[in-house]
Amino acid sequence: MKNYILLFYILSGVFTKAQVIIGGGNLQTPYTQLELQNTTGQKVLIQPAANDNTTLPKYNATQADGYDDDATMDAMLMYDKNASVSKVYDGSTWKQAFIPQGKATTWTRARIEPSSAVCLSFLCTSGNLPLSIPNNSNQFSDYLSVFRPSDTFRIRQKGLYRINFNLLFNGVNIGFAGVKVNIAIAVNGEQKAYMSANAGFISSNSFSASADTVLFLDVNNDVNFRVNVSTPGLSVASFTFGGTSDSNVSLERIL
């Protein structure tokens, strides 16, 4: 009998109060409709609903990925009515939370977006290649849930990974020395593999760089693809990278 009375009180609370907390006393976010908390008041489950992605928390059309970053909302769940899927917030963007078994696989592939690097005399630029995963694409997907915009894969499961890299780029160099373009696969900032191309002291060429390697990666390892341009002498050079479907990187968990 006590169990029925307790259930009655719980259901009464659900219907008479718009925001419900189970296990705690204070809401962690104003978007919550039902919030489960552990004994220390930390959120365990949040599953409100939104009509479409424009009404999801932190939506901002002016941002490159459509959302403001907010690490405090990491792991928040939201049901997107328009997409008919549950989404999870990773601190920067909303992604599908539960991938149907029929679509489950072991790879993530991202497109390399347009970027540039230049040399003025001995001063040359460097940086990580920008990446993206277009929506509704059969070629590009994040089945491993490791992509963190806009240039990083953060590993979720320890294991052996095959990393494939393909890049088309072109450049012009005018000077008294050639220019070397190095592209490295970096794990937590440490170079693990690299490929390079050389541009002559007066040149205008197109280049391709590719790599296929296997690395052991641990949980929370960050994987980037870093470009470094260098010259031993005076040069004025400019290079453009990516922006095509043939310029892509992929990670495949093989063990």
Side-chain angles (χ1 to χ4, degrees), residues 18-83 85-99 107-113 115 126-135 140-159 161 163 185-190 217-226 249 251 253:
Q19 295 178 310
V20 179
I21 312 169
I22 300 176
N26 297 305
L27 289 169
Q28 298 294 310
T29 168
Y31 298 102
T32 296
Q33 299 302 316
L34 171 63
E35 184 170 308
L36 303 182
Q37 298 180 359
N38 60 19
T39 55
T40 63
Q42 296 175 318
K43 60 181 182 289
V44 178
L45 174 64
I46 302 173
Q47 184 83 50
N51 289 326
D52 55 59
N53 70 304
T54 65
T55 58
L56 289 171
K58 301 303 174 183
Y59 176 79
N60 185 345
T62 64
Q63 295 287 2
D65 65 350
Y67 300 93
D68 292 324
D69 292 352
D70 187 346
T72 64
M73 292 178 57
D74 197 359
M76 181 175 180
L77 287 168
M78 178 77 73
Y79 185 76
D80 188 332
K81 295 180 181 178
N82 185 56
V85 296
S86 291
K87 292 184 175 181
V88 61
Y89 189 72
D90 68 359
S92 62
T93 192
W94 289 89
K95 300 179 180 179
Q96 183 174 342
F98 309 110
I99 299 175
W107 60 268
T108 287
R109 183 177 296 115
R111 181 171 62 191
I112 300 173
E113 292 297 332
S115 61
S126 62
N128 294 332
L129 289 171
L131 309 172
S132 74
I133 297 181
N135 294 324
F140 303 102
S141 296
D142 185 18
Y143 292 118
L144 293 174
S145 299
V146 297
F147 181 59
R148 300 180 67 84
S150 59
D151 60 13
T152 301
F153 295 112
R154 177 161 293 173
I155 303 305
R156 294 166 58 87
Q157 293 182 311
K158 179 188 298 186
Y161 288 79
I163 301 178
I185 301 173
V187 179
N188 292 341
E190 181 181 351
L217 300 173
D218 206 346
V219 177
N220 290 330
N221 278 173
D222 284 344
V223 180
N224 304 102
F225 299 85
R226 187 169 183 81
V249 296
L251 277 73
R253 188 170 184 269

message = Could you walk me through whether Leu131 and Ile112 satisfy the side-chain contact (heavy atoms from CB on, under 4.5 Å) test, starting with their C-alpha distance in whole Å, then the side-chain angles of each, then the deciding distance to 0.1 Å, before giving a yes or no?
response = CA-CA 5 Å; Leu131 309 172; Ile112 300 173; 3.9 Å; yes

request  = Check the angle between the aromatic planes of Tyr89 and Trp94 and answer parallel, tilted or perpendicular using the 30° and 60° thresholds.
outcome  = tilted

Are [X] and [Y] side-chain neighbours, meaning at least one heavy-atom pair lies under 4.5 Å?
{"X": "Ser145", "Y": "Lys95", "value": "no"}
{"X": "Pro130", "Y": "Asp151", "value": "no"}
{"X": "Asn128", "Y": "Arg226", "value": "yes"}
{"X": "Thr93", "Y": "Phe147", "value": "no"}
{"X": "Ile133", "Y": "Thr108", "value": "yes"}
{"X": "Asp68", "Y": "Gln63", "value": "yes"}
{"X": "Val249", "Y": "Phe153", "value": "yes"}
{"X": "Val223", "Y": "Tyr161", "value": "no"}

Expected output: side-chain Asn188 to main-chain Asp222 donor-acceptor under 3.5 Å = yes

To the closest 0.5 Å, what do you measure between [atom1] ([X]) and [atom2] ([Y])?
{"X": "Asn221", "Y": "Glu190", "atom1": "CG", "atom2": "CD", "answer": "10.0 Å"}
{"X": "Asp142", "Y": "Arg148", "atom1": "CG", "atom2": "CZ", "answer": "11.0 Å"}
{"X": "Asn220", "Y": "Ile155", "atom1": "CG", "atom2": "CD1", "answer": "9.5 Å"}
{"X": "Asn60", "Y": "Thr54", "atom1": "CG", "atom2": "OG1", "answer": "12.0 Å"}
{"X": "Gln157", "Y": "Arg253", "atom1": "CD", "atom2": "CZ", "answer": "4.5 Å"}

For [X] against [Y], the heavy-atom pair lying closest together:
{"X": "Lys87", "Y": "Asp80", "answer": "NZ-OD2, 2.8 Å"}
{"X": "Ala50", "Y": "Thr55", "answer": "CB-OG1, 3.4 Å"}
{"X": "Lys81", "Y": "Ala49", "answer": "CE-CB, 3.9 Å"}
{"X": "Leu129", "Y": "Ser115", "answer": "CD2-OG, 3.7 Å"}
{"X": "Ser132", "Y": "Pro134", "answer": "O-CD, 3.7 Å"}

Qualifying salt bridge (charged side-chain N to carboxylate O under 4.0 Å, His left out) pairs, either residue in residues 126-135, two or more places apart = none

message = Once ring-ring contact (aromatic ring centres under 6.0 Å, His included) is applied, do any residues pair with Phe140, and if so which ones, sequence neighbours excluded?
response = none

Partner residues of Lys158 under the side chain to side chain contact (heavy atoms under 4.5 Å, CB included) criterion, sequence neighbours left out = Phe216, Asp218, Val219

